[in-house]
Amino acid sequence: SKTEKGMSIEEIYDMFPNLKERRNSQGTRLSGGEQQMLAVARILRTGARLLLLDEISEGLAPVIVQALARMITTLKAKGYTIVMVEQNFRFAAPLADRFYVMEHGQIVESFESSQLEAKMQTLNELLGV
């Protein structure tokens with residue numbers, strides 16, 4: 001089935017037009033953001049339905065961060081489960097269904113996205129956002 005085979009190359013190119021443009025380039029010659037996209041694309045080809053993303057936006061140009069946000073939104077709409085560890089709150093907040101704030105390896109706050117506005121004061125105290 002399609003799920004077992006993973007996403008097609010064309011589906012991946014639709015999600016990551018940068019990769020289509022650079023399809024003849026070696027992975028080591030891609031920008032940092034393009035390498036992030038390639039890493040995600042490789043996972044999507046396997047058929048995995050769960051993605052673990054660790055600091056995916058770190059050190060990337062804003063245009064690439066926006067492309068990654070679109071990718072996450074698209075995958076969520078397709079039923080993928082995404083667990084994201086991210087310090088960039090402004091990037092993560094609009095994408096998250098649930099929030100867990102960790103401090104010194106312990107969860108100190110957890111809440112649903114529907115509670116975000118009510119939790120902003122607490123988040124300001126914990127994160128300085």
Side-chain angles (χ1 to χ4, degrees):
S1 78
K2 182 179 176 183
T3 302
E4 290 172 1
K5 293 180 184 174
M7 275 192 182
S8 72
I9 298 292
E10 285 310 312
E11 287 174 303
I12 288 170
Y13 283 158
D14 286 345
M15 194 176 311
F16 299 118
N18 294 47
L19 292 182
K20 186 173 187 175
E21 293 171 13
R22 306 284 312 268
R23 67 184 168 271
N24 294 321
S25 298
Q26 291 181 346
T28 56
R29 298 211 181 260
L30 300 176
S31 72
E34 290 166 340
Q35 287 182 18
Q36 286 282 46
M37 292 176 189
L38 180 60
V40 172
R42 290 178 67 192
I43 294 165
L44 295 174
R45 286 286 293 152
T46 70
R49 302 291 296 174
L50 168 68
L51 277 77
L52 304 174
L53 306 177
D54 185 13
E55 299 290 349
I56 195 166
S57 73
E58 185 176 20
L60 302 180
V63 68
I64 299 295
V65 172
Q66 290 171 353
L68 291 171
R70 285 191 301 275
M71 176 266 305
I72 291 168
T73 301
T74 299
L75 292 176
K76 280 178 55 179
K78 291 180 181 227
Y80 284 76
T81 300
I82 301 169
V83 177
M84 181 168 49
V85 176
E86 183 64 57
Q87 289 186 41
N88 182 345
F89 181 78
R90 296 196 193 315
F91 167 72
L95 302 170
D97 297 320
R98 290 182 201 89
F99 295 85
Y100 297 90
V101 179
M102 294 186 74
E103 192 172 78
H104 305 295
Q106 300 291 319
I107 295 174
V108 295
E109 191 71 38
S110 66
F111 55 92
E112 304 285 322
S113 61
S114 61
Q115 299 173 291
L116 179 58
E117 192 172 323
K119 294 288 187 175
M120 284 308 292
Q121 168 114 16
T122 303
L123 290 174
N124 272 324
E125 292 167 8
L126 290 170
L127 307 174
V129 294

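Because the structure is predicted, anything quoted here is derived from the model rather than measured.
To the nearest 0.5 Å, atoms CE (Met84) and CD (Glu55) are separated by 10.0 Å. Here the NZ atom belonging to Lys119 is positioned 7.5 Å from the OG atom belonging to Ser110, to the nearest 0.5 angstrom. Note that CG of Leu75 and CZ of Arg49 are 8.5 Å apart. Values are rounded to the nearest 0.5 Å. Summarising the geometry, atom CZ belonging to Phe16 is positioned 9.0 Å from atom OG1 belonging to Thr74; distances are rounded to the nearest 0.5 Å. From Gln35, atom CD reaches atom CG of Leu60 across 10.0 Å, with rounding to the nearest 0.5 Å.
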Starting from the C-alpha separation in whole Å, work towards a yes-or-no answer on side-chain contact (heavy atoms from CB on, under 4.5 Å) for Ile72 and Leu53.
CA-CA 10 Å; Ile72 291 168; Leu53 306 177; 3.9 Å; yes
Is there a side-chain contact (heavy atoms from CB on, under 4.5 Å) between Met71 and Gln36? Walk through the geometry before answering.
CA-CA 11 Å; Met71 176 266 305; Gln36 286 282 46; over 6 Å; no
When you look at Leu30 and Asn18, which way does the side-chain contact (heavy atoms from CB on, under 4.5 Å) test go after all the steps?
CA-CA 10 Å; Leu30 300 176; Asn18 294 47; over 6 Å; no
How far apart are the C-alpha atoms of Val40 and Ile56, what are their side-chain angles, what is the distance that settles it, and do they pass the side-chain contact (heavy atoms from CB on, under 4.5 Å) test?
CA-CA 10 Å; Val40 172; Ile56 195 166; 4.0 Å; yes
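A side-chain hydrogen bond (donor to acceptor under 3.5 Å, both in side chains) check over residues 56-72, counting only residues at least two apart or in different chains, returns the pairs Ser57-Glu86. Sorted by first and then second residue, the pairs that involve residues 29-42 and meet salt bridge (Lys or Arg N to Asp or Glu O under 4.0 Å), not counting sequence neighbours, are Arg22-Glu34.
Across all non-hydrogen atoms, the minimal contact from Tyr80 to Ala48 is CE2-O, 3.2 Å. Of all the heavy atoms in Ser113 and Ala96, the pair that sits closest is CB-O, 3.3 Å. Residues Ala41 and Leu19 approach most closely at CB-CD1, 4.0 Å, considering heavy atoms. Across all non-hydrogen atoms, the minimal contact from Arg45 to Met7 is NH1-O, 2.7 Å. In this structure, Ala67 and Met37 approach most closely via the heavy-atom pair CB-CE, 3.8 Å. Pro17 and Asp14 get closest at one heavy-atom pair: CD-O, 3.9 Å.
Only one option out of Thr122, Ile107, Leu127 pairs with Val101 in a side chain to side chain contact (heavy atoms under 4.5 Å, CB included); it is Leu127.
The same ILVMFWY cluster, assembled from side-chain heavy atoms under 4.5 Å apart, contains both Val108 and Met120. Leu95 and Leu52 fall into different hydrophobic clusters, defined by Ile, Leu, Val, Met, Phe, Trp and Tyr side-chain heavy atoms under 4.5 Å apart, directly or through other members. Both Val63 and Met15 are assigned to one and the same hydrophobic cluster, defined by single-linkage of ILVMFWY side chains at heavy-atom distances under 4.5 Å.
Listed by chain and number, the residues in a ring-ring contact (aromatic ring centres under 6.0 Å, His included) with Phe111 are Phe99 (sequence neighbours excluded). Every residue two or more places apart in sequence or in another chain that forms a salt bridge (Lys or Arg N to Asp or Glu O under 4.0 Å) with Glu112 is listed here: Arg98. With sequence neighbours excluded, the residues forming a salt bridge (Lys or Arg N to Asp or Glu O under 4.0 Å) with Asp97 are Lys76, listed by chain and number.
Members clustered with Val85: none, using a 4.5 Å side-chain heavy-atom cutoff among hydrophobic residues.
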